[in-house]
2 protein chains.
Amino acid sequence: MSRRKAQQDDKEREGDRPPSLAMAAYRQLYRDITNGTLAPGRKLPVGELHATYGIGFSPMRDALNRLCAEGLVEKREQRGFFVADLNEDVFLQITNARLVLEETALRLSIAAGDVAWGESVILAFYHLSRAARDETSFVLTPEWSAAHREFHFALLAGCGNEWLLGFCRKLYEQSERYRARRRLLSTGLSPGTRSHLQVHEAIMKAALAHDADTASDLLVRHYKESFEIVMNADFELLDNPRRLVPRAASEPEGRRDAV
Amino acid sequence: MSRRKAQQDDKEREGDRPPSLAMAAYRQLYRDITNGTLAPGRKLPVGELHATYGIGFSPMRDALNRLCAEGLVEKREQRGFFVADLNEDVFLQITNARLVLEETALRLSIAAGDVAWGESVILAFYHLSRAARDETSFVLTPEWSAAHREFHFALLAGCGNEWLLGFCRKLYEQSERYRARRRLLSTGLSPGTRSHLQVHEAIMKAALAHDADTASDLLVRHYKESFEIVMNADFELLDNPRRLVPRAASEPEGRRDAV
DNA sequence: CCTGGTATAAAAATATAAATTTTTGCCGGA
DNA sequence: TCCGGCAAAAATTTATATTTTTATACCAGG
């Protein structure tokens, strides 16, 4: 009875409740994978996860299967689940895909976005500025990450294409895994600082002014810089400069692996 | 012993075996959803599927979860699985996203594709031509569908970006669901006929000649035509002509729901 | 004595069956 | 007609059983 009562109480805060253990497991794993607690390539034995998170086999399996189809987890038939591996080639592909999709979404947002869209961008920027740190620290707080995500997707949300947005989300969360590895390192630039914030302000202003060219130019540049930073931090600094696809995605010549 | 022997034999034809029931269920459901046997919006009670397909609860759940993350199935928390619904707005979004992504992938393919890529395109076209029917029939064979898919992805595969390709695949299979509804109808045009084949031949020739502009122009036109056909067949013919995003994805003005 | 392959045992994944909640449809009373 | 509770159905979860993989040990051949 007391059990039942508790459930009822839970129900009262509708909306963000995770009633199913499967969902709880999913969120836990999602967090631990995207923030790097569960290292890339690591095996995920259901039994071990069961012991660690205190959740049964079936719900855990549910969660793993979902993560799997989202690309955060890999499933090897009859031999279990693994955290999806990371390497610089994949990161390059993800970044390139992201450049194309986000620029498209941004341009469509600027062209089609309504008043509510503009307001949500302004609000998101406000949240981001509140979460920004004073200059020199290298630790990225969860709050800043959430605000950063909110801002970028507020920008894109006006495009009105759920599929496009869904793809952008997937690419974003993949990128986060790479960024997460950077948290412990202290390399050159400084995401989350007030100076970094100004880049976002510039993007916002261009977007709200319906200047699609400037806005997407700034956005693409922003991502390319992030890419370089993460690349230099996570992997050894390579001698050949990384090539990213040009904005229009129509280059005369190109290497096969350039994308 | 004989048991073990059989296993060993199985192992020899590696690669396409579906050892797990979950995978078998997944494939069955995938087929039945994409070809329309399981109608959009329909509920998928695990118990009923269990009875129909003769596969247990857990594997079925596994399969449903995967389909779910792929967008073919929707999961309503604590109240079961449903075949993802179809409607014209979503179809418009899918088509628009597809236009952008496939054009990008095609241009990258043409820019970066190597000899092996060109050969696989030629081979795929050969298969498509073999599967083409004589003019007037309206029935689409599974063979033609497979060949059609093979051709289009042979074109895109040269881009070398697995993520981009993965998104294209997802959009393609979604589109197939709409096309599937058309099989029983007999509307104007005629996919799978020899005249329809010529469109693909033109695309191939342009691609192999490294004429990216012509190739993507033809491809986009091809998809827009398909869109109109399916739209007119499946839903009532609307008075306002559908607006699709222009190729460059940068239109001066636009409705919010236009994409 | 070392190497290579095979059988065996432990571990882990997959599948089944049963139990527990949660939802849903229905009926009676206000 | 509307509300509340009861019962059936269905989803979720646990517990159990069955395969499959993986690691270890053993034995024949070099």
Side-chain angles (χ1 to χ4, degrees), chain A residues 1-29 38 41-69 73-83, chain B residues 1-29 38 41-69 73-83:
Chain A
M1 293 304 162
S2 64
R3 177 81 166 290
R4 179 164 199 103
K5 184 59 169 25
Q7 303 267 353
Q8 297 276 11
D9 287 350
D10 258 359
K11 217 185 229 172
E12 286 174 356
R13 26 191 162 85
E14 201 92 352
D16 63 328
R17 60 178 173 148
S20 66
L21 297 189
M23 180 61 83
Y26 170 81
R27 292 196 183 154
Q28 269 285 2
L29 286 172
L38 293 170
R42 163 180 175 152
K43 194 173 196 307
L44 295 173
V46 186
E48 188 187 313
L49 296 179
H50 162 67
T52 307
Y53 295 97
I55 289 176
F57 280 48
S58 286
M60 195 56 82
R61 207 145 218 294
D62 265 34
L64 286 169
N65 270 305
R66 286 182 56 186
L67 267 328
C68 194
V73 167
E74 265 176 62
K75 177 183 193 169
R76 252 107 78 167
E77 204 62 44
Q78 303 278 34
R79 76 194 49 167
F81 299 91
F82 301 76
V83 179
Chain B
M1 293 304 163
S2 64
R3 175 80 165 296
R4 177 158 201 107
K5 185 59 171 17
Q7 304 267 349
Q8 297 276 8
D9 287 350
D10 257 0
K11 219 183 223 170
E12 285 172 357
R13 32 191 158 85
E14 201 93 352
D16 64 326
R17 58 177 175 146
S20 66
L21 297 190
M23 180 62 82
Y26 170 82
R27 293 195 182 156
Q28 270 284 2
L29 286 172
L38 293 170
R42 169 189 168 141
K43 195 172 195 308
L44 295 173
V46 186
E48 187 186 313
L49 296 179
H50 163 66
T52 307
Y53 294 96
I55 290 177
F57 279 51
S58 286
M60 196 57 81
R61 209 143 215 294
D62 266 33
L64 286 169
N65 271 306
R66 286 183 56 188
L67 266 329
C68 194
V73 166
E74 266 176 61
K75 178 182 191 167
R76 251 107 78 169
E77 203 63 45
Q78 303 278 33
R79 73 195 52 165
F81 299 91
F82 301 76
V83 179

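Letters A, B, ... mirror the listed sequences (proteins, then strands); counts begin at 1.
In this structure, CD in A/Q78 is found 13.5 Å from CZ in A/R76, a value given to the nearest 0.5 Å. Within the model, atoms CG of A/L29 and CZ of A/R27 stand 12.5 Å from one another, a figure rounded to the nearest 0.5 Å. Note: B/S20 OG to B/D62 CG = 8.0 Å, rounded to the nearest 0.5 Å.
In this entry the distance linking OH of A/Y53 with P of D/dT13 reads 17 Å, nearest Å. One can place NZ of A/K75 at 14 Å from P of D/dT21, the figure rounded to the nearest angstrom. Computed from coordinates, the B/M23 CE to C/dA13 C1' distance equals 14 Å when rounded to whole Å. Atom P of nucleotide C/dA11 and atom NE2 of A/H50 are separated by 16 Å, given to the nearest angstrom. Look at CG on B/L21: it is 13 Å from C1' on C/dA13, rounded to the nearest Å. At whole-Å resolution of the value, CD1 in B/I55 and P in C/dA17 are 14 Å apart. Taking atom CG of B/D62 as the reference point, atom P of C/dA13 lies 13 Å away to the nearest angstrom.
With A/F81 as the aromatic partner, A/K75 does not meet the cation-pi criteria of under 6.0 angstrom to the ring centre and within 45 degrees of the ring axis.
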Heteroatom pairs (N/O) under 3.5 angstrom, protein to nucleotides 6-11 of chain D:
from: D/dA11; atom 1: OP1; to: B/K43; atom 2: NZ; distance (Å): 2.6
from: D/dA11; atom 1: OP2; to: B/V46; atom 2: N; distance (Å): 3.4

Listed pairs under 3.5 Å, donor-acceptor, residues 44-58 of chain B side chains, sequence neighbours left out:
from: B/E48; atom 1: OE2; to: B/R42; atom 2: NH2; distance (Å): 2.4
from: B/H50; atom 1: ND1; to: B/I55; atom 2: O; distance (Å): 2.9
from: B/T52; atom 1: OG1; to: B/E48; atom 2: O; distance (Å): 2.9
from: B/Y53; atom 1: OH; to: B/D32; atom 2: OD2; distance (Å): 2.6

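Considering only side-chain atoms of A/S20, the nucleotide from C/dA15, C/dT16, D/dT13 that sits closest is D/dT13.
For B/Y26, the side-chain contact (heavy atoms from CB on, under 4.5 Å) test picks out B/M23, B/Y30, B/A63, B/R66, B/L67, B/E70, with sequence neighbours left out.
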